[in-house]
Number of protein chains: 2
Amino acid sequence: MRRQSGVALWRQIADRIRAAIADGSYDETGMVPPETVLAADFGVNRHTVRAALSALTQEGMLRPVQGIGTLILRRERLSLPISRRTRFTEGVGEQARALSGALLDHAEEPASAAVSTALHLAPHAPVLRIETLRSADKRGMSRSTAWFPLPRFHGLADAFAKSGSVTAALRAFGVEDYVRVKTEISAVHAEPGDLADLGLAPGAIVLVTQAVNADPEGMPIQFAVSRFPADRVQFTVEV
Amino acid sequence: MRRQSGVALWRQIADRIRAAIADGSYDETGMVPPETVLAADFGVNRHTVRAALSALTQEGMLRPVQGIGTLILRRERLSLPISRRTRFTEGVGEQARALSGALLDHAEEPASAAVSTALHLAPHAPVLRIETLRSADKRGMSRSTAWFPLPRFHGLADAFAKSGSVTAALRAFGVEDYVRVKTEISAVHAEPGDLADLGLAPGAIVLVTQAVNADPEGMPIQFAVSRFPADRVQFTVEV
DNA sequence: TAGCATTTGTGCGTATGTATG
DNA sequence: ACATACATACGCACAAATGCT
């Protein structure tokens, strides 16, 4: 708990309580310890603990009950498998009920250096860019920007908008199967765009993946940069 | 850039500049834009930008030069491959010169529920726990806690202390080869322990992996929880 | 050499946010 | 709810170092 660090004490404490809930430290009671206990544990005033709990309540993670304590509303982390056959929709599987994929924006444009490299295209070759938002149980789970080579996938944005699934949209373009050839995983603080689309608070963490998918012949067909709220998603790699 | 969020503006800006440096946005000049430009871009006072740059200078990422600008000293992130044959030392490869692994602590103790499950042991079976700190070029790269079944690996802590390598220590116990069978990746805010061991600032992000290694016969021999500073490390998965 | 534009470094006054008791 | 202390953010002004004309 460091002061004068640019991060308010109440937020540092909120982050630690959130982590403790996620790793099951309070599973026995299903409640957060009393405010006075937390205040003593963290070495701060009770006001400060209350500010932290208030923020977590705002996030929908806690529900305070007068005279009883502060209940934990269990929100498991979605576990997304990364494998040679990574698909968001299938990966979520039984973990959530209401799955949706929305098309936020799309455009045809010349490829940037990073995109043309990833897709093995000539510099500035034309590509289709689509911006998507995926949700599970009405909570934002990923904000993704994907690029596809043109003219092969001209019109794919419409196909995605109809189905809400990249796999289905690609199938409409004759791609029966595709494989994940590379995934880079990093983590950064949420940017203003994430806050709006995913409903996050400043200082929140987003996991960032940069992935390349290829068709069965090994030709890259999609390069995607996706951003996942780290408190709602984790990755599993089984090789 | 949201105010009154528990995260100081200068820290939010420092995080965005760090991310911009990491993704190569300023590679053309090798310098950060002038303070007045950054202030206008982010819509804040120049003092606030200076507080952000000062923090990054403290991290050793920037060097300001009066009359010239602010030079970028380090932008590369260590890329750690995750595969069936994941090894920290080999994974770093050519990316760093001085590699070291220090043994911080070790003890023999009964397995917790998570550990006994991961290692396929009976509840409370005896295990060896070792705490390690790995560094590359004198910068902390991972803080790791690993568990090994007993009595098979009794004395492994000493072997690790001598070599600074898990692979070498295991070989001393007759394990010529081992494979990574599972990796879970998530991200959280740094805890006080991370700040000290890895030299991080509050609010910093740590990537967390939970991994199981098994010997060639498929018997789990190691369960490890590792914490990596997200601004120094990223993962690559090639399947 | 002198002058000028650009850029980082510093000081001060004020308003708001954070943490305590 | 109030009072207090400190951190954060702003606006304005000016000093100091550098490169160019």
Side-chain angles (χ1 to χ4, degrees), chain A residues 1-18 32-59 64 66 70 189-192 195 200-204, chain B residues 1-18 20-21 25-75 189-192 195 200-204:
Chain A
M1 267 344 85
R2 231 182 271 179
R3 292 140 206 268
Q4 181 176 357
S5 64
V7 183
L9 279 178
W10 66 262
R11 176 159 285 281
Q12 297 182 51
I13 289 168
D15 292 336
R16 290 186 61 182
I17 294 175
R18 194 190 295 105
V32 166
E35 295 172 355
T36 50
V37 174
L38 289 172
D41 285 355
F42 291 124
V44 299
N45 195 279
R46 193 166 76 98
H47 286 310
T48 311
V49 169
R50 284 179 59 77
L53 295 178
S54 161
L56 294 173
T57 302
Q58 200 66 26
E59 291 178 22
Q66 227 171 54
T70 305
H189 286 93
E191 291 182 9
L195 308 185
L200 299 176
Chain B
M1 265 347 81
R2 228 182 272 178
R3 294 139 206 267
Q4 189 170 353
S5 63
V7 182
L9 276 179
W10 65 262
R11 177 159 284 285
Q12 298 181 49
I13 289 167
D15 293 335
R16 291 186 59 181
I17 295 175
R18 195 191 293 104
I21 291 173
S25 301
Y26 305 140
D27 279 4
E28 290 184 21
T29 59
M31 289 171 48
V32 165
E35 295 170 353
T36 50
V37 174
L38 289 172
D41 285 354
F42 291 124
V44 300
N45 193 275
R46 190 166 75 98
H47 281 307
T48 309
V49 169
R50 284 180 56 76
L53 295 176
S54 162
L56 296 174
T57 302
Q58 200 67 25
E59 292 177 22
M61 185 171 289
L62 300 178
R63 184 156 58 92
V65 181
Q66 205 169 29
I68 301 291
T70 304
L71 279 58
I72 297 170
L73 299 183
R74 243 203 315 264
R75 61 161 279 279
H189 286 96
E191 292 180 9
L195 309 185
L200 299 176

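Order of the sequence lines sets the chain letters (A, B, ...), proteins ahead of strands, with each chain counted from 1.
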Out of [options], which has the shortest distance to the side chain of [X]?
X      : options                   : result
R50(B) : dT20(C), dT8(D), dG9(C)   : dG9(C)
W10(A) : dT20(C), dT8(C), dA19(C)  : dA19(C)
T48(A) : dA9(D), dT8(C), dT20(C)   : dT20(C)
H47(B) : dA19(C), dT20(C), dT10(C) : dT10(C)

What residues form a side-chain contact (heavy atoms from CB on, under 4.5 Å) with [X], not counting sequence neighbours?
X      : answer
A40(B) : none
R11(B) : V7(A), V7(B), D15(B), A201(B)
D41(B) : V37(B)
T36(A) : P34(A), R46(A)

Would you kindly give the [atom1]-to-[atom2] distance between [X] and [N], to the nearest whole Å?
X      : N       : atom1 : atom2 : value
L9(A)  : dA19(C) : CG    : P     : 5 Å
R11(A) : dG17(C) : CZ    : P     : 16 Å
L53(B) : dT8(C)  : CG    : P     : 8 Å

Side-chain donor-acceptor pairs under 3.5 Å in residues 50-58 of chain A, sequence neighbours left out?
unit_1: R50(A); atom_1: NH1; unit_2: E35(A); atom_2: OE1; d: 3.4
unit_1: R50(A); atom_1: NH1; unit_2: E35(A); atom_2: OE2; d: 3.0
unit_1: T57(A); atom_1: OG1; unit_2: L53(A); atom_2: O; d: 2.8

Exercise. Tell me, do M31(B) and L71(B) make a side-chain contact under 4.5 Å, heavy atoms counted?
Worked result: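 Yes, side chains in contact.
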Set out, line by line, the N/O atom pairs under 3.5 Å between protein and nucleotides 14-21 of chain D.
unit_1: dA17(D); atom_1: O4'; unit_2: Q66(B); atom_2: OE1; d: 3.0

Problem set entry | Base paired to dC6(D) (Watson-Crick or G-U; both N/O distances under 3.5 angstrom) |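 Checking every strand shown, dC6(D) finds its partner in dG17(C), with both distances under 3.5 Å.
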For this session: Give a yes/no on whether any side-chain N or O of T70(B) is located under 4.0 angstrom from OP1 or OP2 of dT8(C).
Result: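 For T70(B), the contact criterion (side-chain N or O under 4.0 Å from OP1 or OP2 of dT8(C)) is met.
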Exercise. Can a side chain N or O of N45(B) be found less than 4.0 Å away from OP1 or OP2 on dG11(D)?
Worked result: yes
